[in-house]
Structure formats: structure tokens, C-alpha cells
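Input: a single structure, listed below in C-alpha cells.
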Number of protein chains: 2
Amino acid sequence: MSNLEAAGSWAKKYFLASRALMESVLRPYDLGSTQWYVLYLLANEGPVNQRNLTRMLEIERATLSAVVSALVRKGLIEQMPDLDDQRQKVLQITTAGRKLWATLPDPIELIATVAFNGVDAEEIATTNRILREATQRLINHKRGSK
Amino acid sequence: MSNLEAAGSWAKKYFLASRALMESVLRPYDLGSTQWYVLYLLANEGPVNQRNLTRMLEIERATLSAVVSALVRKGLIEQMPDLDDQRQKVLQITTAGRKLWATLPDPIELIATVAFNGVDAEEIATTNRILREATQRLINHKRGSK
DNA sequence: ACAGACTAGTAAGGTGCCTAACAAAACTGA
DNA sequence: TCAGTTTTGTTAGGCACCTTACTAGTCTGT
């Protein structure tokens, strides 16, 4: 096994391929993959602080800020000040956003079907566990070297 | 298992964590992860056409074009016209590039060690196979729907 | 020979991810 | 109380990926 494979290059290829499929599904709706997740969460969980969204999505504040401004520009979500803590902003899906959401296909469902339908459940579980543990070790290493 | 996990969200997390570690290693040298791969290939394989590089790296022409121009800007590689085919450009590592390369750590080695050292080899093999097969199904799906 | 198809690289514009630096608000402790 | 710290969101700049559209060579078939 090459070092490259040892380092998990298939995780990268899988990720890129799944993101490509997701984006091809969402392109007609002029939405990116993370924009879809934000809409998903706002449609199903109701208004959320940006701060909490960064935790749900596990991305940086600055990254979310850009995603949010794209969605606001498209008129799909609204940003409102939080009256209790004026630093924070509450995000809410707009009527236009909810209307669009109702017409969207579920790209996650599609990816799960295309990529893993009929695959041995135990092997999928092993794959998820190995990747989860490897990720944890990478994160611990980062913490330790700080 | 949630749909999200079914869709391979751990592949994404693993990829992002490994890229983050790679970039933190390379940051002191002002290099990105794909820039490192290009230097690696040019240092070990000698001069290469950009066209062939896109195949080795499995990225788009336009993507490579940006990576190459960053490396040229930093003076680490050179772009020379191919005399046989004037559309093509041949990439070559410069003296400065070779000098820098000699001082670089191997981030792939580090990632393989941190993420997978001591992990059951068979389970790693299963993970690679499952991801490879899933990736292939995603690519086939894309081809089929074109 | 030459029109039309193909290919290599670039440019422009979009997404998503990051870090670093900043302003404003909120919190904390002496 | 009020200076110092922490938190939230934005901005700026960088990387890596994509698609679409373009130019300039090269190749093909008649």
C-alpha cells in the first residue's frame, strides 16, 4: 500500500465525488452544498443563532458568515439581531426560502443510495468507525501540538 | 444510522482534518497541499506536461492552472513551451524549488502515522475498498446521467 | 488544402474551507 | 466600577475545487 493510500486518499476522492453529485443536483436551484444544509436546518429546527449553527455544521464563524451572506443575498434567509445578546444574530428562513425548500430533492438520500445501496452494512459501519477514530486522532494531534 | 452518516459524512470530516494537518505542516513554508503534490511530482519525476499533471493529480485543467501560477509566482517552478506541441506547457522545478523541497517534511508520512498507526491493517484495507467502490459508483452514476 | 472538430491552457466567477485581525458587545474580577 | 478578557460576527486574503467560455494550436476528413 502506498503512503498516499495509507494517508486516506480515498476519503478525499469519495468526498469530492459525493460533493460533485450533491452540487450537480443542487445547481439547477442555484444552491451550494453547505447552503443546502443551512436551509435544511432552518426549515426543520426553526430560527437559530449563527453561533449555534457553526456548531451544528462544524465550520468556522468566518466560513458560515460567507455562506449566510450568500443565502441572504438570494433572499432565502433573514438575519435578525438577537434582543438578548446584541452580538448575536438569529437566522430565519424566509417565505421564499420555505417555498424553494418544498421543491428541493434530498441530495443526501440520493448519495446514500448511489454510493452504498446494497453494500454490506457491517463493512460500512467499519468504514465509518475507522474514519471517525482516525479523525479523532488527527484532532488530538492538533490539540497536543498547539 | 442517520442518512448523513450513510452518505459518508465521516469521509468529509476525515478529509478536512487531514488537510488541516497537512496545511499546518506546510504553512511555515508558504505552500498549499496541492502545491506540495506538484513539487513532489516535479522533484521526483522530472519535467512534466501540465496535461499529464492533471491526470496524475486527478484535478481539472483550470484548477491546475491556478496552482501552477501560484508556484510560478513564488519562483518554485518554471513553465516552458513544449516545442513539439505549442499548445502544451512543460513544468520544471527551479533551483529555488529544489532547494526548498530538500528542506520540506513529508506531510503524507505524518498523516499516515498520526491517523492510522497501530490500526488493524485489514480494517484499513476494508475502509479503502469501501470508499473506492463507493466513489466508483458515484462516478458511474454521473456518467450515466449525462 | 482547408473547414470543422478537438485539445491545452487561461480567465472569470462561484462555492466552501481556512487563518488573522478587527469592532462591538458581554462578562469577570479585583 | 471599570480595565482586561472573552465572545460574536465581519472582512480580507489565501487555497483548492468546480463550470463555462475563450484563444490558440493541432488534427481529420473530404
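Lettering follows sequence order; numbering is per chain, from 1. Since this is a predicted model, take the numbers as computed values, not measurements.
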Check the distance between [N]'s [atom2] and [X]'s [atom1] and give it to me in whole angstrom.
{"X": "A:D30", "N": "D:dT19", "atom1": "CG", "atom2": "P", "value": "16 Å"}
{"X": "B:L64", "N": "D:dT19", "atom1": "CG", "atom2": "C1'", "value": "16 Å"}
{"X": "B:W36", "N": "D:dG14", "atom1": "CH2", "atom2": "P", "value": "24 Å"}
{"X": "B:L21", "N": "D:dC15", "atom1": "CG", "atom2": "C1'", "value": "16 Å"}

Exercise for review: For B:A70 and for A:V90, find the nucleotide of DNA chain D with the closest heavy atom, then tell me which residue's nucleotide is more 5'.
Suggested key: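 Its nearest nucleotide lies further toward 5', so the answer is A:V90.
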Exercise for review: Please report the C-alpha distance between B:W36 and B:D106 in whole Å, then the side-chain angles of each, then the deciding distance to 0.1 Å, and finally whether the side chain to side chain contact (heavy atoms under 4.5 Å, CB included) criterion is met.
Suggested key: CA-CA 9 Å; B:W36 181 88; B:D106 183 344; 3.9 Å; yes
Review point. Nucleotide by nucleotide, 5' to 3', does protein get under 4.0 Å of the base (B), only the sugar-phosphate (S), or neither (-) in nucleotides 17-27 of chain C, counting heavy atoms?
Key: BBBB----BS-
Review point. Looking just at side-chain N and O atoms, do A:Q86 and A:D82 make a donor-acceptor pair shorter than 3.5 Å?
Key: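 No - no donor-acceptor pair under 3.5 Å links their side chains.
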Check your understanding: Strictly by modelled atom types, are B:Q79 and B:Q50 linked by a side-chain donor-acceptor pair under 3.5 Å?
Key ->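 Judged by distance alone, the side chains do pair up.
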Review point. How long is the gap from CG on A:L138 to CG on B:L16, to the nearest 0.5 Å?
Key: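 If we round to the nearest 0.5 Å, A:L138:CG and B:L16:CG are 11.0 Å apart.
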For [N], does either OP1 or OP2 sit under 4.0 Å from a side-chain N or O belonging to [X]?
{"X": "B:Q88", "N": "C:dT7", "result": "no"}
{"X": "B:Q50", "N": "C:dT10", "result": "yes"}
{"X": "B:K74", "N": "D:dC15", "result": "yes"}

Exercise for review: Evaluate the side-chain proximity of B:R98 to B:T95: yes if any heavy-atom separation is below 4.5 Å, no if none is.
Suggested key: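 Not touching, per the 4.5 Å side-chain cut-off.
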Exercise for review: Answer whether the closest heavy-atom distance between the side chains of A:I108 and A:M22 falls below 4.5 Å.
Suggested key: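 A:I108 vs A:M22: side chains touch.
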